[in-house]
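Following: one structure in structure tokens, then a few remarks.
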Amino acid sequence: MSAGADALRAEIVRASRALGAPADVAPLLERPRDPAFGDWATNVAMVLAKPLGQKPRDLAQRLIDTMDRNVAGISSAEIAGPGFINFRLDAGTVARGITALLADGEHFGRAATGAGSPVVVEFVSANPTGPLHVGHGRQAALGDAISSLLEWTGWRVSREFYYNDSGVQIENLALSTQARVRELGGAPLQIPEGGYHGAYIAEIAGRYVAEHPDDAAGNDLDALRRFAVQELRKEQDLDMQAFGVKFETYYLESSLYTDGRVERTVEALRANGHTYEKDGALFLRTTDYGDDQDRVMRKSAEKGGTFTYFVPDVAYHVTKWERGYTRAINVQGADHHSTVTRVRAGLQALGVGIPQGYPEYVLHQMVTVMRGGEEVKISKRAGSYVTVRDLIDEVGRDAVRYFFLMRKGDSQLSFDVDLARSQSEENPVYYIQMAHARLANIFRVGGIDPSAIDATQVDFGQLALVEETELMKALLDFPAIVAGAAEALEPHRVATYLHDTAGRIHLWYHKAHVLNEPEPLMNARLVLARAAQQVIRNGLTMLGISAPERM
RNA sequence: GCGCCAGUAGCUCAGUUGGAUAGAGCAACAGCCUUCUAAGCUGUGGGUCGGGGGUUCGAUUCCCUCCUGGCGCGCCA
């Protein structure tokens with residue numbers, strides 16, 4: 001699909017095999033850095049030189065002689081350097097590609113690779129103990145974009161938010177709220193060890209008292225817990241709404257206890273003989289599955305006798321499998337990477353047919369926040385952090401999303417709040433949106449209905465500028481970029497591509513006038529403008545960023 | 001000490017799974033608005049791809065080793 005590469009590759013394979021190459025030959029086709037080398041290049045002659053016992057350049061020549069140029073859709077093939085073969089695409093191949101692009105419209109870039117298979121993407125999954133901070137923001141942007149990429153490539157995606165709404169931290173939340181309620185009643189503030197100090201707790205306490213006049217003393221810890229969790233979930237939902245992220249499903253950790261899944265999981269692991277008791281605690285032999293030490297599942301009586309967090313986590317992942325998700329992807333901060341081995345080990349030990357690499361993990365490195373030239377120490381307990389909402393209010397949803405997506409997840413990210421705000425007008429996302437708006441403006445000024453543009457009636461030979469041929473080829477790369485990004489679960493590839501393509505659009509826009517040109521030229525350029533606009537819009541939409549018609 | 005991630009231009013980062021002369025943005029400097037948006041465009045300068053070995057036609061990319069930074073290594077979550 002991408003600029004005729006598939007047909008070309010198939011023809012290279014055919015020619016290679018005709019010359020004696022093994023059946024599994026998979027020639028690498030790539031875009032040369034320097035466009036002067038042509039549109040596509042392959043190293044297949046160098047790869048096959050040794051197995052076939054021939055000199056690379058001789059082999060390259062024989063390959064070229066064997067290939068059918070019409071079938072491959074190329075106008076020329078040249079040997080270069082140690083044995084590269086550089087191909088130049090037939091102009092008709094590009095024209096057909098752009099015509100197909102317009103016909104596909106908002107579907108251009110989609111693929112059926114996933115064949116409608118179900119996949120659950122879990123992300124954010126915050127404890128309901130405070131507002132969502134920048135780290136969650138990165139995770140939300142990543143998780144949503146990955147989900148979107150999978151949808152574009154044919155998967156049936158469910159975005160899922162797992163609430164860790166039980167355990168010690170929730171108890172601390174209840175106690176912290178209680179302390180604030182009692183403070184309102186005139187008692188001295190005594191936030192417990194491990195409690196939460198943020199001002200939002202005081203606000204929740206205020207609302208609690210207003211809605212529970214009968215418990216102004218804050219004696220009903222159970223009611224306090226439920227109220228605080230409910231309030232914080234509401235807040236987190238609003239944060240995600242402001243960010244434009246929608247989850248299909250929410251899963252409560254507490255439900256795993258109430259419906260007995262945690263108990264059943266432990267019993268199953270026991271029955272399978274993967275556990276043992278030591279010092280009064282129940283251990284899982286995770287070392288059988290690559291862990292460096294066995295892990296406690298149930299604490300000893302002195303420590304409370306409760307389950308450690310990873311037990312419900314295993315039970316939770318069993319439900320993903322049982323709910324029919326043959327593929328599961330978890331987007332998490334790298335500080336949780338030790339859970340990967342543990343959860344997978346638990347699932348393997350259950351022996352219920354869950355594959356070894358289940359679930360897949362996308363770990364992103366930490367976000368540090370710079371403000372006033374200094375790093376803001378993020379601590380929910382101390383109440384100092386920068387929330388997702390702060391960022392959105394300061395620099396806008398689109399810019400925040402792009403900022404989080406423009407770089408690889410596995411490099412650390414320093415979010416300078418002051419810089420993001422002061423540079424909001426120079427943020428790369430505006431550069432991309434501007435390209436889209438400029439193209440839209442051409443249609444607006446010309447009084448042209450872009451959806452009525454017909455590529456089948458234009459003379460593509462009119463598009464002779466280097467900027468035009470390069471732009472067309474870049475546009476046709478889009479499906480391959482999407483496919484690669486989806487397979488690698490790396491949305492930043494789309495972000496990088498969009499920025500690069502926006503640059504080509506600005507360049508072309510500056511060089512080539514569209515309206516009021518002779519009709520054949522104007523019509524051809526309108527097609528190109530429409531095609532470029534479509535690709536930018538599809539890419540931005542995929543990343544959850546708006547594509548404005550004017551700015 | 002062990003494990004995971006990273007180290008590329010002054011700064012923030014890409015680099016198509018091993019290719020040809022390593023690229024963008026910002027910052028710096030010099031230019032371009034009577035024509036569809038100057039949130040744009042053109043040009044200039046800027047590099048020991050952390051160091052050292054190895055693998056091969058060819059390494060920023062793969063392997064080994066060392067250095068630096070982040071994260072993790074709990075009967076916390």
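Here is the naming used below: chain letters follow the sequence lines, and residue numbers restart at 1 for every chain.
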Between A:Asn164 and A:Gln169, a side-chain donor and acceptor under 3.5 Å
no
Would you kindly give the CG-to-P distance between A:Leu29 and B:U16, to the nearest whole Å?
16 Å
Going by the rule side-chain hydrogen bond (donor to acceptor under 3.5 Å, both in side chains), which residues pair with A:His506 if we only count those two or more places apart in sequence or in a different chain?
A:Arg438
I need the CD1-P distance between A:Ile432 and B:G25, as an integer number of Å.
12 Å
Would you indicate which nucleotide in B:G74, B:A20, B:A77 comes nearest to any side-chain atom of A:Ala41?
B:A20
Categorize A:Ala80 for me: base, sugar-phosphate, or nothing, with a 4.0 angstrom heavy-atom threshold over every strand shown.
base
Syn/anti state for B:U68 [syn: chi within 90° of 0]
anti
Output the rounded distance in Å from NE2 (A:His506) to P (B:C33).
20 Å
Taking only side-chain N and O atoms of A:Arg438, does any of them lie within less than 4.0 angstrom of OP1 or OP2 on B:A38?
yes
Write out a two-atom table: protein N or O, nucleotide N or O from nucleotides 9-12 of chain B, distance below 3.5 Å.
unit_1 : atom_1 : unit_2   : atom_2 : d
B:U12  : O2'    : A:Arg407 : NH1    : 3.2
B:U12  : O2'    : A:Arg407 : NH2    : 2.7

B:A39 pyrimidine/purine six-ring stacking with A:Tyr431, under 5.5 Å and 30°
no
Any N or O donor-acceptor pair under 3.5 Å from the base of B:A77 to the side chain of A:Tyr309?
yes
Could you check whether A:Ala334 gets within reach of a base, just the sugar-phosphate, or nothing at all, counting any heavy atom under 4.0 Å?
sugar-phosphate
How is A:Arg550 classified with respect to the nucleic acid when contacts are heavy atoms under 4.0 Å: base, sugar-phosphate, or nothing?
base
Nearest to the A:Arg295 side chain among B:G70, B:U17, B:G74, which nucleotide is it?
B:G74
Have a look at A:Lys278 and say if it touches a base, only the backbone sugar-phosphate, or nothing, with a 4.0 Å heavy-atom cut-off.
base
What nucleic acid atoms does A:Val514 come within less than 4.0 Å of, heavy atoms only: base, sugar-phosphate, or nothing?
base
base_contact_polar (B:A20 base, A:Asn86 side chain, donor-acceptor, <3.5 Å)
yes
Any donor-acceptor pair under 3.5 Å linking the side-chain atoms of A:Gln433 with those of A:Tyr402?
no
Could you check how far CG of A:Asn43 sits from P of B:U16, rounded to whole Å?
14 Å
Any N/O donor-acceptor pair, A:Thr308 side-chain to B:C75 base, under 3.5 Å
no
Can you tell me, in whole Å, how much space there is between the C1' of B:A9 and that of B:G15?
14 Å
How close do A:Tyr289 and A:Ala345 get, counting heavy atoms only, and between which atoms?
CB-CB, 3.6 Å
Give the nucleotide from the list B:C75, B:A14, B:A20 with an atom nearest to the side chain of A:Lys408.
B:A14
Answer yes or no: are there more than 12 heavy-atom neighbours, outside A:Glu487 itself, under 6.0 Å from its atom CD?
no
With sequence neighbours excluded, what pairs up with A:Asp292 under the side-chain hydrogen bond (donor to acceptor under 3.5 Å, both in side chains) test?
A:Arg295
We want to know whether A:Arg344 and A:Tyr361 form a side-chain donor-acceptor pair, criterion being a heavy-atom distance below 3.5 angstrom.
no
Between OH of A:Tyr430 and P of B:A39 the distance, given in whole Å, is 14 Å
So, does A:Arg57 use its side chain to make a donor-acceptor pair with the main chain of A:Pro82 at under 3.5 Å?
no
How close or far is atom C1' of B:U17 from atom CZ of A:Arg31, stated in whole angstroms?
18 Å
Classified by glycosidic angle (syn within 90° of 0, else anti), B:C33 comes out syn
With distance as the sole criterion, do the side chain of A:His337 and the base of B:G3 form a donor-acceptor contact below 3.5 Å?
yes
Is A:His492 touching bases, backbone alone, or none of the nucleic acid, heavy atoms closer than 4.0 Å?
sugar-phosphate
